[in-house]
Amino acid sequence: MSRDHAQSTERPTGSAEAPFLDLLARGASADAYEQPVLIARAEGRSAERIAALEQAKAVALRVRSELEGRRRREAELSALFETAHDLAGLRDLDAVLRAIVQRARSLLGTDIAYLSLNDPARGDTYMRVTEGSVAARFQQLRLGMGEGLGGLVAQTARPYVTDDYFRDERFQHTRTIDAGVRDEGLVAILGVPLTLGDHVIGVLFAADRRARVFEREQIALLGSFAALAAAAIDTANLLTETRSALAGLERANEIIRDRSGVIERASEIHDRLAELVLRGGGVHDVAAAVTEVLDGTVEFLEAPAAPAGALEASRAEGRAVRHGDGWIAVVAAGGELLGALVLHGHPGLDPVDQRTLERAAMVTSLLLLARRSAAEAEQRVRGELLDDLLDARDRDPRLLRERAARLRADLDATHVVLAARLEATARDAEQEADARRRLWSAASHLAATRHGLAAARDGGTVLLLPLEPGDTATALARRTAGHLGTAVHEAVTVGASAPVRDLTARPDTVAAAYEEGRRCLDALRLLGRSGDGAAAEDFGFLGLLLAGDRDIRGFVDRTIGQVVTYDDRRGTDLLRTLDAYFACGMSPARTKDALHVHVNTVAQRLERVGRLLGADWQSPARTLEIQLALRLHKLAAQT
């Protein structure tokens, strides 16, 4: 062997650390530390040289392990510090608990983390926060004490860990819990208790969809997060109790406020109300007069806008009643609710001021009745105009517009046709006729105040009301049902058409819209939703049958449009995943087999679907509509 070759193979052992120092500086993986030894052996280095490299490698790996441990502990301490900072500025308990679960999942590197709380009333524990979960049944699990791993942790107040849930016999398996865990695809689970003093209030979990052994340090870290979560819950409970106590003290201070001059104010309001009646004042004049006398703000609200519970209580007692930080006095005539006088900002009302508010409500009802007789003639004119729009299709559009203008109605605006009907069954024909008259009167009053039209028709009432910008036919139908039901003190069901335009230019528009409203009304009654209001778009796929025009594209867009758009823009397979998920019984574990992908891929895609469609997309009603929309979308793509 030549001298040069001997020198190249017999380098001093003191330089054996150099390659490993370079690996440490670059943050290389543990496997890379084998390379210097393997290269030395391949080059035929001496045994002393290889031994020196092996020794240097062992030292370097220990140093690397120590550095990784310090970095990991630094990340854990940072996360714990951030969580403690969130707890110190606690505003929203759910937000703090979500942050704890998210950080626990991230630091432990698990597929999912979740937190359950005990329910003392039911004697079990339920899911409160989940992170990474995609199975609806798993998210709604409730565990009895001692059932499943979580139930055992909640019962014994000790952490438990399993590297294979379904093979672990240390805890009680139940069909419900196992089905939820199987749907989520979980295998390894770690649970630690949330404790306040000696009491367990819940469990914090970290879990993987593959077999895994949790180290002691990871169990301790999850326990630290559990302690912070328990502290957050305790702090939130204390804040709630403190706020409740402060609110009670404020109400007590308001009630015991000393006020003077109540008799003088009562005399003053009596004179003012008498003057208003004599000079023909309005209801808002009455409210303004009472506002000046009482220590608060008084306003008149129509029956639908007034709080229903307080309104009924005032009507039943025949007196003004307390509501929130004020009082309500019903304005009624016979059996009909006309509205209410509402006093704001006056929680403590003495008997004299209370009677003042009640007398003002009586004066208000008298003024409303006086104006009703004058309004009835106008109501009949409004009914005749609507009858002509429904029946006389050859009327002159110009004359129709002129008649509407005299009634302050604009037939060129966007309107909704509403079919309303009483749901109570009268005992005799006279009572039924009286109920229908009251419904027509209330509907006519509503139409007059909203610049619309109303008429009695087909045993009920039809209304033509303008649609304000930003409003919907559904919202208008529900408000109308509530308003009419409160006014006549009986349930009133209202079906609405889609918004219609060009009422005078298109002769059949109003009649067709009325038929659509009647179909929606009949559908509400068949579905047991008497007393409610709705339009065709509220019935999901059933709305396709109720609407005058079959808006299939609109139904698909409203139901899964965001997912379709996301796939088109990103080139993803969310629609195909969603279709397979339903076909596999909503089980991520079976879906991944059907799509030939990993279960985590299915979970990630379903998480994205949930963000696009909303948290309730897996509810029974939503899933039915989503599956129908998926099929309609496929059919549309094939045609």
Side-chain angles (χ1 to χ4, degrees), residues 79 82 86 91-116 126-141 180-181 183-186 204-209 537 540-541 553-592 594-595 597-634:
E82 291 174 359
D86 291 344
R91 292 295 181 272
D92 183 350
L93 175 62
D94 286 337
V96 174
L97 294 181
R98 281 195 298 272
I100 289 173
V101 171
Q102 290 168 357
R103 289 167 184 159
R105 177 193 181 193
S106 175
L107 285 176
L108 270 67
T110 56
D111 297 325
I112 178 175
Y114 49 103
L115 183 147
S116 67
Y126 64 95
M127 292 290 186
R128 175 64 182 268
V129 182
T130 63
E131 174 68 19
S133 171
V134 296
R137 180 158 47 181
F138 180 79
Q139 296 166 11
Q140 299 166 4
L141 278 180
V181 173
D183 273 2
E184 195 64 57
L186 300 182
L204 179 62
F205 299 87
D208 258 341
R209 297 186 176 95
E537 63 183 15
F541 65 88
R553 182 183 296 275
F555 170 76
V556 173
D557 288 342
R558 288 192 300 271
T559 307
I560 60 171
Q562 289 184 299
V563 178
V564 174
T565 302
Y566 190 93
D567 274 354
D568 290 342
R569 292 179 177 176
R570 307 286 182 93
T572 53
D573 279 333
L574 298 185
L575 277 178
R576 190 165 68 93
T577 302
L578 196 55
D579 199 10
Y581 180 61
F582 287 125
C584 294
M586 302 175 68
S587 170
R590 291 194 293 271
T591 303
K592 60 97 174 174
L595 296 176
V597 297
H598 194 273
V599 68
N600 281 348
T601 302
V602 175
Q604 292 166 4
R605 292 179 182 177
L606 294 179
E607 276 189 285
R608 173 60 63 183
V609 169
R611 286 194 288 270
L612 292 172
L613 298 184
D616 66 334
W617 72 276
Q618 296 191 78
S619 66
R622 290 288 306 281
T623 56
L624 179 61
E625 293 188 0
I626 292 171
Q627 291 180 72
L628 178 59
L630 286 170
R631 296 199 176 189
L632 291 174
H633 180 70
K634 282 185 178 179

Side chain to side chain contact (heavy atoms under 4.5 Å, CB included) assessment of L186 paired with I112: CA-CA 9 Å; L186 300 182; I112 178 175; 3.4 Å; yes
Under a 3.5 Å distance rule, please check whether Q618 uses its side chain to pair with a backbone N or O of V134 as donor and acceptor. yes
Could you pull out all residues at least two apart from Y114 that satisfy ring pair (Phe, Tyr, Trp, His ring centres under 6.0 Å)? F138, F205
Please report the interatomic distance CZ(R605) to CZ(R576), rounded to the nearest 0.5 Å. 6.5 Å
Please answer whether the main-chain N or O of D111 pairs with a side-chain N or O of D208 as donor and acceptor at a distance below 3.5 Å. yes
Between S133 and E184, the two heavy atoms sitting closest are OG-OE1, 2.7 Å
Distance check, rounded to the nearest 0.5 Å: T130 atom OG1 versus Q102 atom CD? 10.0 Å
Sub-3.5 Å donor-acceptor pair from the side chain of D567 to the main-chain atoms of L575, do we have one? yes
Minimum-distance pair of heavy atoms, taken over all atoms of V599 and P588: CG2-O, 4.0 Å
Is a side-chain N or O of T623 found less than 3.5 angstrom from the main chain of P620, in a donor-acceptor match? yes
Between R105 and A113, which heavy-atom pair has the shortest distance, and what is it? CB-CB, 3.6 Å
My understanding is that only residues two or more places apart in sequence, or in another chain, count here; which of them pass ring pair (Phe, Tyr, Trp, His ring centres under 6.0 Å) with Y566? none
R590 side-chain N/O to C584 backbone N/O, donor-acceptor pair under 3.5 Å: yes
Closest heavy-atom pair and its distance - A207, T110: O-CB, 3.2 Å
If every non-hydrogen atom of L613 is compared with every non-hydrogen atom of R622, which pair is closest and at what distance? O-NH2, 3.1 Å
Gap between atom CZ of F582 and atom CG of L630 - 0.5 Å precision: 6.5 Å
